[in-house]
Peer 1: 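One structure, pasted below without further comment.
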Amino acid sequence: MRLLTAAVTAAALLLAGCGQGGNESEVTITGSPPADPTSPPSPSGSAPPTSDAPAGAPQVVAEVATGLQAPWGLDFLPDGAALVTERDTRKVLRISAEGGQVTEVGTVDEAAPEGEGGLLGLAVSPDFDQDRLVYLYVSTDSDNRVVRATLDGDTLGTPEPILTGIPNGFIHDGGRLEFGADGFLYVSTGETGQPPLAQQRDGLAGKILRITPDGQPAPGNPFGTAVWSWGHRNVQGLAFDDAGTLWASEFGQDEFDELNRIDAGANYGWPEVEGEGGARGLTDPQQIWNPDDSSPSGLAYLDGHLWMAALRGERLWRVRVDGDRAVEPEGFFIGEYGRVRTVAVAPDGNLWVMTSNRDTRGTPRDGDDKILLVRP
């Protein structure tokens, strides 16, 4: 069945001429228009050409690593090194804080890369110094799941499943993991190209989940299940601001990509509404974009701003957080580095920005895929 679904979906992608996941499944929706938005080399660190950037704009100051293959997840260890997942090779890599040395620490054999699935998100335990745990979001032959494994030096242990049975598909697998200050793990899932699943409140597809480090529904969840919010199409970015508010970036269908403020129990409308619908009982996004300018993926928060990676839009968005609102989006590096998958705040206060030109939908450039060091 999974192979048949993959073949049908792949044919639909070719017919639609789609360049990025997030625009494949056709349903009838309502909404309002968005506002105009203002053999590979070995992984290694190097410096990019300098560019003239306007005052106050972020700047790429170095290439932390190059020659990566469709990297996806990224988080930092207490010693400042980073862990990175590669979606299709199923590898977990360690990248040193100094010099960008890349070391393979393990392979997640149960991952079954296909379409947008594979080895996706990664989160380091907030108690890593004590428990040595790393959490991973994995697409298998039968489901999407959250697993955890110990990291002993440069060796990743055997993954232990803690949450299984998340529906998977050729597209829209979600995959982002983020620990909150409450110590619970937030998990984004997609609706796998089957929009009605997003409105099944007790299901796991098209949701943001909140679970304990052992994979159980977290205390205080609104419905007594793992579900924290619902009605999502394909959330691929999660970030908390200084006030503890959760934000999420989400693929729309044809016209309206979204940046949402996430409230417990809220329904974000898919597939009843795409973009701003104003329907009773549904929560409107804070910002919307045309997919040509966005197709958002990773999300990070730093110094009063959300930083959002854009795949088809080939840029890094900066959006100011004003209380409980997200305002004044600005795009940077437009078309300079190709598709941008993930952005994360490094321990030194800079951003690590990951490209995704080798994910079958981009045009690989010399040295791709890369992690760029960006001074915000």
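What you are looking at is a predicted structure, and each value in this text was computed from that prediction instead of being measured.
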Peer 1: I'd like to know if the side chain of S96 and the backbone of Q101 have a donor-acceptor N/O pair within less than 3.5 Å.
Peer 2: yes
Peer 1: If only atom types and distance count, is the side chain of E86 paired as donor or acceptor with the main-chain N or O of A70 below 3.5 Å?
Peer 2: no
Peer 1: For L373, is there any backbone N or O sitting under 3.5 Å from a side-chain donor or acceptor partner on N350?
Peer 2: no
Peer 1: Can you tell me if D152 has over 12 outside heavy atoms packed within less than 6.0 Å of its CG?
Peer 2: no
Peer 1: With respect to E314, which candidate in R339, R341, R361, R365 satisfies the salt bridge (charged side-chain N to carboxylate O under 4.0 Å, His left out) definition?
Peer 2: R365
Peer 1: S188 side chain to R176 main-chain N or O, any donor-acceptor pair under 3.5 Å?
Peer 2: yes
Peer 1: Has the side chain of E258 got a donor or acceptor atom that lies under 3.5 Å from a matching backbone atom of E250?
Peer 2: no
Peer 1: Are D369 and T355 close enough that a side-chain donor and a side-chain acceptor fall under 3.5 Å?
Peer 2: yes
Peer 1: If you count heavy atoms of other groups shown closer than 6.0 angstrom to CD of E98, is the number above 12?
Peer 2: no
Peer 1: Can you find a pair of side-chain heavy atoms, one from H232 and one from I208, that are under 4.5 Å apart?
Peer 2: yes
Peer 1: Please check if the side chain of T192 supplies one atom and the backbone of P167 the other of a donor-acceptor pair under 3.5 Å.
Peer 2: no
Peer 1: Is the side chain of K207 donor-acceptor paired with the backbone N or O of A226 at a distance under 3.5 Å, no angle test?
Peer 2: no
Peer 1: Can you find a pair of side-chain heavy atoms, one from L93 and one from L83, that are under 4.5 Å apart?
Peer 2: no
Peer 1: Please determine whether salt bridge (charged side-chain N to carboxylate O under 4.0 Å, His left out) holds for the pair R94 and D79, giving the CA-CA distance in whole Å, both sets of side-chain angles, and the decisive distance to 0.1 Å.
Peer 2: CA-CA 11 Å; R94 184 183 188 275; D79 66 2; 2.6 Å; yes
Peer 1: Would a distance-only check, ignoring hydrogens and angles, find a side-chain to backbone donor-acceptor pair under 3.5 Å from T89 to K91?
Peer 2: yes
Peer 1: Quick one: does any side-chain atom of N357 pair with a main-chain N or O of Y337 as donor and acceptor, under 3.5 Å?
Peer 2: yes
Peer 1: If we count only N and O atoms by modelled type, under 3.5 Å, do the side chains of N267 and Q199 hold a donor and an acceptor together?
Peer 2: yes
Peer 1: Would you check, one step at a time, whether the test side-chain hydrogen bond (donor to acceptor under 3.5 Å, both in side chains) holds for T140 with E110?
Peer 2: CA-CA 6 Å; T140 73; E110 65 185 317; 5.9 Å; no
Peer 1: With a 4.5 Å limit on heavy-atom distance, are the side chains of I288 and D257 in contact?
Peer 2: no
Peer 1: What residue among N144, N234, T189 forms side-chain hydrogen bond (donor to acceptor under 3.5 Å, both in side chains) with D173?
Peer 2: N144
Peer 1: Below 6.0 angstrom between ring centroids: does that apply to F240 and F179?
Peer 2: no
Peer 1: Would D263 and R261 pass as an ion pair if we require N to O under 4.0 Å?
Peer 2: yes
Peer 1: With rounding to the nearest 0.5 Å, note down the distance linking CG in L306 to OH in Y301.
Peer 2: 7.5 Å
Peer 1: Under the 6.0 Å and 45° cation-pi test, does R233 pair with W270?
Peer 2: yes
Peer 1: Please find out if less than 6.0 Å separates the ring center of F332 from that of W317.
Peer 2: no
Peer 1: If you count every heavy atom of other residues, nucleotides or ligands that lies below 6.0 Å from D129 atom CG, does the total exceed 12?
Peer 2: yes
Peer 1: In Å, rounded to the nearest 0.5 Å, how long is the span from CZ of R315 to CD1 of I334?
Peer 2: 4.0 Å
Peer 1: Does T85 use its side chain to pair, donor to acceptor, with the backbone of G73 at less than 3.5 Å?
Peer 2: yes
Peer 1: What distance do L246 atom CG and N260 atom CG have between them, rounded to the nearest 0.5 Å?
Peer 2: 10.0 Å
Peer 1: With no hydrogens and no angle check, just 3.5 Å: does a side-chain donor-acceptor pair link N168 and D143?
Peer 2: no
Peer 1: Could you pull out every donor-acceptor pair under 3.5 Å between side chains of residues 210-224 and any protein atom, sequence neighbours left out?
Peer 2:
unit_1 : atom_1 : unit_2 : atom_2 : d
R210   : NE     : D182   : OD2    : 3.3
R210   : NE     : Y186   : OH     : 3.0
R210   : NH1    : P219   : O      : 2.8
R210   : NH1    : N221   : OD1    : 2.7
R210   : NH2    : D182   : OD2    : 3.3
T212   : OG1    : D214   : N      : 3.2
T212   : OG1    : G215   : N      : 3.4
T212   : OG1    : Q216   : N      : 3.1
D214   : OD1    : R148   : NH1    : 2.9
D214   : OD1    : R148   : NH2    : 3.3
N221   : ND2    : R210   : O      : 2.8
N221   : ND2    : T225   : O      : 2.8

Peer 1: Does this structure show an ion pair linking E116 with R87, if we count only N-O contacts that are shorter than 4.0 Å?
Peer 2: no
